[in-house]
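Reviewing the structure listed below.
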Number of protein chains: 2
Amino acid sequence: MPKATFFNLPREKQEHIFRHAVQEFALHPYEQASLTEIVNQAGIAKGSMYQYFEDKKDLYKYVVDKVYQHKRKFLQPVWALKDNVDFFEFASMYYRRSWHYARQHPEHHRVIVNFWDSRDDAVRDEILHEKQIRSYEFAYMLEQGFKSGVIDPRTDKEAAWFVYHAVAKALIDNFLAPDVNADSHETFINAVLSLLEQGLRPRKE
Amino acid sequence: MPKATFFNLPREKQEHIFRHAVQEFALHPYEQASLTEIVNQAGIAKGSMYQYFEDKKDLYKYVVDKVYQHKRKFLQPVWALKDNVDFFEFASMYYRRSWHYARQHPEHHRVIVNFWDSRDDAVRDEILHEKQIRSYEFAYMLEQGFKSGVIDPRTDKEAAWFVYHAVAKALIDNFLAPDVNADSHETFINAVLSLLEQGLRPRKE
DNA sequence: CCTCCATGTGACCGCCCGGTCATACAGCTT
DNA sequence: AAGCTGTATGACCGGGCGGTCACATGGAGG
């Protein structure tokens with residue numbers, strides 16, 4: 001947690017520091033991100049940074065936390081509809097909204113992607129925490145799908161979770177790939193989700 | 001490419017160096033792997049390393065190349081059957097065999113995983129190259145699936161490629177996770193592939 | 001005007017990194 | 001014995017890193 005000094009700062013200065021930290025953690029994963037670079041870009045002394053935060057990890061956790069709060073808020077409208085739509089509609093809305101987030105806030109998006117790819121031991125604990133949250137969220141939607149009958153009851157739940165998680169991560173990693181065509185990307189997301197819904201094997205109906 | 005000096009070395013010494021390089025690149029991604037650590041562990045002078053290789057990247061490329069050759073050889077029996085089995089059987093055999101590779105050669109496996117997660121610009125070119133190879137291989141199998149009718153002709157090919165690639169990466173990343181139960185993992189792999197084959201939505205048949 | 005305390009500073013520390021180079025050595029040729 | 005060639009060595013270099021610390025600054029309270 002940041003020190004009291006940081007929260008005493010004018011909001012403007014807090015945000016100034018936050019913005020430059022986001023820039024660096026968007027560009028590099030935690031281990032390769034440079035504190036020196038952040039303070040240079042932000043135009044403050046390195047010593048000041050250590051008046052605000054315990055150490056590099058403290059700053060990093062603060063940044064990741066804030067970015068995740070921001071993204072959750074952005075996805076709120078989708079969650080609000082969770083009881084009015086079926087599993088497949090929900091998934092489609094969820095990923096399309098995530099895609100809009102990535103487009104509108106590419107640096108925040110990159111911070112999150114870097115966070116998930118991190119190998120640092122201390123950071124991995126936080127990742128497991130986030131993974132569990134996702135897991136609960138997804139398990140809830142999946143349960144609704146089973147109850148309402150839109151999902152085949154014979155489905156292996158663990159496998160379903162695994163596949164959706166894998167595809168979600170790949171979709172999200174791919175959002176800012178240089179060859180992604182912005183206009184048609186929603187169509188692509190829907191094609192991917194439709195494949196998961198229908199399967200590859202032809203249906204007799 | 002390694003310098004001539006390296007290939008003049010007795011095979012035993014070449015392999016000694018290779019083994020310790022694999023260890024380090026299995027433990028850390030390229031950027032964080034330490035040449036100093038490799039030479040210390042291998043018990044040779046740092047200067048010697050630069051008699052054998054141009055620089056760190058040269059060594060890394062050599063290691064990744066050799067590891068990939070090794071894995072390809074291991075997967076050869078699966079490829080040999082590619083015209084005798086359908087797409088779904090092939091996928092199942094392919095991933096189960098990859099799983100065996102990861103169990104038998106965990107360090108080689110980790111080198112490959114680290115390679116795919118690398119962010120270094122120069123390394124990314126090599127990744128794109130490997131990605132294309134995979135892409136061609138997979139496209140071939142997919143085409144066979146379409147021709148023989150086991151895959152729904154309405155399937156979006158790009159989406160199919162994307163999903164299989166995503167799931168493959170997640171499976172492979174997961175092979176050495178601490179909570180993977182070795183005995184039942186083949187069952188799990190099949191459950192995942194079956195989900196891709198059948199889809200989540202119930203079938204009327 | 002002086003004190004006090006929160007805030008701000010940047011030179012500096014020890015560490016590790018990839019990479020270099022002058023030098024030594026061993027074996028073969030003459 | 002001398003010369004040559006390919007191999008081996010580790011002290012050393014410049015640079016970047018996270019983190020520290022003695023000191024400067026400036027506004028509030030007496």
Side-chain angles (χ1 to χ4, degrees), chain A residues 1-64 114 118-123, chain B residues 1-18 20-25 27-64 114 118-123:
Chain A
M1 231 186 25
K3 298 182 180 176
T5 312
F6 179 71
F7 294 113
N8 292 341
L9 257 36
R11 195 159 299 263
E12 202 182 301
K13 186 162 189 180
Q14 288 183 31
E15 282 166 11
H16 178 76
I17 291 168
F18 175 73
R19 261 197 308 278
H20 284 94
V22 164
Q23 265 183 34
E24 179 68 7
F25 289 124
L27 231 42
H28 307 285
Y30 171 72
E31 298 85 349
Q32 276 138 260
S34 159
L35 240 168
T36 311
E37 184 64 17
I38 295 174
V39 297
N40 286 350
Q41 290 294 328
I44 62 173
K46 197 187 255 188
S48 298
M49 209 52 146
Y50 283 85
Q51 306 269 23
Y52 309 148
F53 300 92
E54 295 293 341
D55 52 23
K56 187 186 176 185
K57 200 160 296 177
D58 190 32
L59 168 63
Y60 185 60
K61 285 185 181 174
Y62 172 74
V63 168
V64 170
N114 280 337
S118 172
R119 289 162 182 282
D120 184 272
D121 281 341
V123 174
Chain B
M1 231 184 26
K3 297 183 180 176
T5 310
F6 179 70
F7 294 113
N8 292 342
L9 257 36
R11 196 160 298 263
E12 202 182 300
K13 185 161 187 180
Q14 288 182 33
E15 282 165 10
H16 178 77
I17 292 167
F18 175 73
H20 284 94
V22 164
Q23 266 183 33
E24 178 69 7
F25 289 124
L27 232 43
H28 306 285
Y30 172 73
E31 297 86 349
Q32 276 139 260
S34 158
L35 240 169
T36 310
E37 183 64 18
I38 295 174
V39 296
N40 286 350
Q41 290 294 329
I44 62 173
K46 197 187 256 187
S48 298
M49 209 50 147
Y50 283 86
Q51 304 270 24
Y52 308 147
F53 300 92
E54 296 293 342
D55 52 22
K56 186 185 177 185
K57 200 161 293 174
D58 190 32
L59 168 63
Y60 185 61
K61 285 184 181 175
Y62 172 74
V63 168
V64 170
N114 280 338
S118 172
R119 291 163 181 282
D120 184 272
D121 281 341
V123 174

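All heavy atoms count here, side chains included; hydrogens, waters and symmetry mates do not. In the text below, chain A, chain B and the rest are named by the order of the sequence lines, each starting its count at 1.
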Scan [X] against the nucleic acid and name what it touches under 4.0 Å (heavy atoms): base, sugar-phosphate only, or nothing.
{"X": "B/Lys3", "result": "nothing"}
{"X": "B/Ala4", "result": "nothing"}
{"X": "A/Tyr52", "result": "sugar-phosphate"}

Can you tell me how far [atom2] of [N] sits from [atom1] of [X], to the nearest Å?
{"X": "B/Phe53", "N": "D/dA8", "atom1": "CZ", "atom2": "C1'", "answer": "15 Å"}
{"X": "B/Asn40", "N": "D/dG10", "atom1": "CG", "atom2": "C1'", "answer": "11 Å"}
{"X": "A/Met49", "N": "C/dT9", "atom1": "CE", "atom2": "C1'", "answer": "14 Å"}

To the nearest 0.5 Å, tell me how far B/Glu31 CD sits from B/Asp120 CG.
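Interatomic distance, B/Glu31 CD to B/Asp120 CG, rounded to 0.5 Å: 5.0 Å.
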
NZ or CZ of A/Lys61 within 45° of A/Tyr30 ring axis and under 6.0 Å
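No, A/Lys61 does not lie over the aromatic ring of A/Tyr30.
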
Options [options], nucleotide nearest the side-chain atoms of [X]:
{"X": "B/Tyr50", "options": "C/dG18, C/dG8, D/dA8", "value": "C/dG18"}
{"X": "A/Ile44", "options": "C/dG19, C/dT9, D/dT9", "value": "C/dT9"}
{"X": "A/Thr5", "options": "C/dT7, C/dG19, D/dT9", "value": "C/dT7"}

Are any of [X]'s side-chain N or O atoms less than 4.0 Å away from OP1 or OP2 of [N]?
{"X": "A/Asn8", "N": "C/dA6", "result": "no"}
{"X": "A/Thr36", "N": "D/dG16", "result": "no"}
{"X": "B/Lys13", "N": "D/dA8", "result": "yes"}
{"X": "B/Lys46", "N": "D/dG10", "result": "no"}
{"X": "A/Ser34", "N": "D/dG16", "result": "no"}

Please check: side-chain N/O of B/Asn114 versus main-chain N/O of B/Phe25, any donor-acceptor pairing under 3.5 Å?
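The answer is yes, because a donor-acceptor pair under 3.5 Å joins these two groups.
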
Examine distances only and state if a side-chain atom of A/Lys56 and a backbone atom of A/Ala33 form a donor-acceptor pair shorter than 3.5 Å.
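At least one qualifying donor-acceptor pair exists.
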
Taking all atoms of both residues into account, what is the closest heavy-atom pair of A/Asp58 and A/Asp55, and its distance?
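Closest heavy-atom pair between A/Asp58 and A/Asp55: N-OD1, 2.9 Å.
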
Of A/Ala33 and B/Ala45, whose nearest nucleotide on DNA chain D comes first from the 5' end?
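Looking at DNA chain D, the more 5' nearest nucleotide goes with B/Ala45.
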
